[in-house]
Amino acid sequence: SSGINAEWPLRPGYVMMFEEHIHDEVASINSICDFLGISRFPVEYMKEYLKEHQIRNSLSDNNRIPYMMTETRQLLLDFFKPFLDDLVKLLGDDKWYWNMYN
């Protein structure tokens, strides 16, 4: 997770990359609880809850959505780059580029 720098004009918020959450869901949920100042959930409870509520891709390989066209991807990258640049500057961490522009 990233801390908000001193230039943040509003009450600090908590920002987490989705990849960080899926890498260790229990730790990420506990980090959010810590940020909110609420009690953490018991680890075993969280593991059981997450196991019961796992979302799986139920589509067979033949029914999966194909990758997007190269032109579409570039159009989206170009469109969102200024917003992503602002996010990186605000949070002070290049990891928010998701390796798109590196």
All heavy atoms of Ser39 vs all of Cys33, minimum pair found to be O-SG, 3.8 Å

Taking every heavy atom of Asp78 against every heavy atom of Pro82, the minimum-distance pair comes out as O-CD, 3.6 Å

Mind checking the [atom1]-[atom2] spacing from [X] to [Y]? Nearest 0.5 Å is all I need.
| X | Y | atom1 | atom2 | value |
| --- | --- | --- | --- | --- |
| Gln74 | Phe79 | CD | CZ | 14.0 Å |
| Met17 | Leu91 | CE | CG | 10.5 Å |
| Glu48 | Glu44 | CD | CD | 8.5 Å |
| Ile29 | Phe41 | CD1 | CZ | 7.5 Å |

Lys/Arg-Asp/Glu bridge criterion (N-O < 4.0 Å) met for Lys81, Asp85 = yes

Can you list the residues that meet the salt bridge (charged side-chain N to carboxylate O under 4.0 Å, His left out) rule with Asp34, with sequence neighbours excluded?
-> Arg40

Any chain of hydrophobic side-chain contacts (each under 4.5 Å) joining Phe18 to Met16?
-> no

Cluster companions of Leu75 among Ile, Leu, Val, Met, Phe, Trp, Tyr (side-chain spacing under 4.5 Å) | none

